[in-house]
Trainee: 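This is the structure I have questions about; it appears just below.
Given the structure is predicted, the values throughout are model-derived calculations rather than measurements. The first residue of the sequence shown is numbered 1, and numbering continues consecutively from there.
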Amino acid sequence: MVFLLLSILSSFVQSSMGFGNAMVLMAFLPFFITFSKALAYNQISCLLLTILVVAGRWRKIRWKVMWPLIPPMVVSTIFFTFVSLSVDQSVLKIILGLFFIGLALFFLLSSSIKIRPTVGKGFIIGIITGVSNGLTGIGGPPVALYLRPSLSDNEEYLSTIQAFFLLQGIVGLFLRIGGGVLERGDLFPVAMIAAGTSLGAIGGSYAANKVDPRKMQKIVYGFVAMYGLYTVISEMAGL
């Protein structure tokens, strides 16, 4: 039941504000399962959610804008996913906590950060999102910062960023399946996550025009900042 409820909440957040599914899941899942399984469950949820979004908007995807991100993302995701499989879970949780604190700071400064999309900058952002996705399962905010200025049409922006997440999710999930993270006993919780993701996506799509995304972002980032600080302190105290 906990997997169903968490996936409903996380997909609702992403469907309402464009990203956030991974942040919510990775804040809670490690309390119930190993960090490696949490990353795999998170990527299954993100993959399903992006499929649901992209299926109805694929004509709006702007591949020309997105392509500079893809090659460096694939290479860095592959490398750092294998790194995450061999690193102690306490260290990964500390990295996640620090990353959450960084995300909160990013949100505070994002209005003053302006990135002019170029091939070179896309390459750098692709590396950054691959590193963060491989280690923490979260790669959305840097991509959003890169794509938003070049896509003024909201439908094109949402379609393009979700298509990128789809490609990123496929790479990450196949790597984790190949690493033996998922087993037969994971079928039921994965089914609950799939069901919850679908329900949350429906609710989030309905609420997208009724919820102020800036207010929701403040709530989400305020939570992840506090969670990040708690995680860093608690894990370092236990080392």
Trainee: Backbone N or O of Met73 within a donor-acceptor pair of the Thr77 side chain at under 3.5 Å?
Mentor: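 At least one qualifying donor-acceptor pair exists.
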
Trainee: Is there any salt bridge (charged side-chain N to carboxylate O under 4.0 Å, His left out) pair reaching into residues 156-177, and which pairs are they, with sequence neighbours excluded?
Mentor: Arg62-Glu156

Trainee: Does the Thr129 side chain pair with the main chain of Gly126, one donor and one acceptor, at a distance under 3.5 Å?
Mentor: no

Trainee: I'd like to check Leu47 versus Phe165 (side-chain heavy atoms, cut-off strictly below 4.5 Å). Are they in contact?
Mentor: no

Trainee: Using 0.5 Å steps for rounding, measure from the NZ atom of Lys60 to the OG1 atom of Thr160.
Mentor: 10.0 Å

Trainee: Set out, in order, the CA-CA distance, both residues' side-chain angles and the distance that settles side chain to side chain contact (heavy atoms under 4.5 Å, CB included) for Leu29 and Phe35, then state yes or no.
Mentor: CA-CA 8 Å; Leu29 285 179; Phe35 196 87; over 6 Å; no

Trainee: Between Val75 and Phe79, is any pair of side-chain heavy atoms under 4.5 Å apart?
Mentor: no

Trainee: Please report the interatomic distance CD1(Ile94) to CG(Asp88), rounded to the nearest 0.5 Å.
Mentor: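 Answer for the CD1-CG pair, Ile94 versus Asp88, is 8.5 Å.
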
Trainee: Check for a donor-acceptor pair, side chain of Asn133 on one end and backbone N or O of Gly130 on the other, with a separation under 3.5 Å.
Mentor: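 It does not hold such a pair.
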
Trainee: With a 4.5 Å cut-off on side-chain heavy atoms, are Tyr146 and Pro68 touching?
Mentor: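 Side-chain contact under 4.5 Å: yes.
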
Trainee: Do Val91 and Phe31 sit in the same hydrophobic cluster, where Ile, Leu, Val, Met, Phe, Trp and Tyr count as joined when their side-chain heavy atoms come under 4.5 Å apart?
Mentor: yes

Trainee: For the pair Ser198 (side chain) and Ala194 (backbone), establish whether a donor and an acceptor sit closer than 3.5 Å, ignoring hydrogens and angles.
Mentor: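 Yes; judged by distance alone, with no hydrogens or angles, the pair exists.
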
Trainee: Rounded to the nearest 0.5 Å, what separates atom CD1 in Ile51 from atom SG in Cys46?
Mentor: 11.5 Å

Trainee: Count I, L, V, M, F, W, Y as connected when their side-chain heavy atoms are under 4.5 Å apart, and connections chain through other members. Are Trp63 and Ile125 then in the same cluster?
Mentor: yes

Trainee: Please lay out, stage by stage, how Leu25 and Tyr41 fare under the test side chain to side chain contact (heavy atoms under 4.5 Å, CB included).
Mentor: CA-CA 9 Å; Leu25 284 180; Tyr41 285 15; over 6 Å; no

Trainee: Distance from Leu147 atom CG to Phe164 atom CZ, nearest 0.5 Å?
Mentor: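 So the CG of Leu147 and the CZ of Phe164 are separated by 8.0 Å.
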
Trainee: Cluster question for you: counting only ILVMFWY and a side-chain heavy-atom cut-off of under 4.5 Å, with indirect links fine, are Leu166 and Leu49 together?
Mentor: no

Trainee: Where do Gly122 and Pro72 come nearest, in terms of heavy atoms and distance?
Mentor: O-CG, 4.4 Å

Trainee: Do Thr197 and Ser45 have side-chain N/O donor and acceptor atoms under 3.5 Å apart?
Mentor: yes

Trainee: Could you tell me the separation between the CG atom of Leu9 and the CG atom of Leu4, rounded to the nearest 0.5 Å?
Mentor: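 Nearest 0.5 Å value for the CG-CG distance: 11.5 Å.
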
Trainee: Is there a chain of hydrophobic side chains (I, L, V, M, F, W, Y, each step under 4.5 Å between heavy atoms) that links Phe174 to Val190?
Mentor: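 Yes, one cluster joins them.
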
Trainee: Test side chain to side chain contact (heavy atoms under 4.5 Å, CB included) on Phe32 and Leu6; report intermediate values, then the result.
Mentor: CA-CA 11 Å; Phe32 304 99; Leu6 284 179; 4.2 Å; yes

Trainee: Quick check for you: to the nearest 0.5 Å, what is the distance between Lys121 atom NZ and Leu69 atom CG?
Mentor: 13.0 Å

Trainee: With a 4.5 Å cut-off on side-chain heavy-atom distances among I, L, V, M, F, W and Y, is there a chain of contacts connecting Ile193 to Phe188?
Mentor: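 Looking at the clustering, Phe188 is in the same group as Ile193.
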
Trainee: With a 3.5 Å distance limit and no angle check, can you tell me whether Ser10 reaches the backbone of Ser7 through a side-chain donor-acceptor pair?
Mentor: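 Looks like yes, one N/O pair under 3.5 Å.
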
Trainee: Run the side chain to side chain contact (heavy atoms under 4.5 Å, CB included) test on Lys37 and Glu183 for me, step by step, so that the C-alpha distance in whole Å, both residues' side-chain angles and the decisive distance to 0.1 Å come before the verdict.
Mentor: CA-CA 10 Å; Lys37 281 190 184 293; Glu183 303 165 338; 3.9 Å; yes

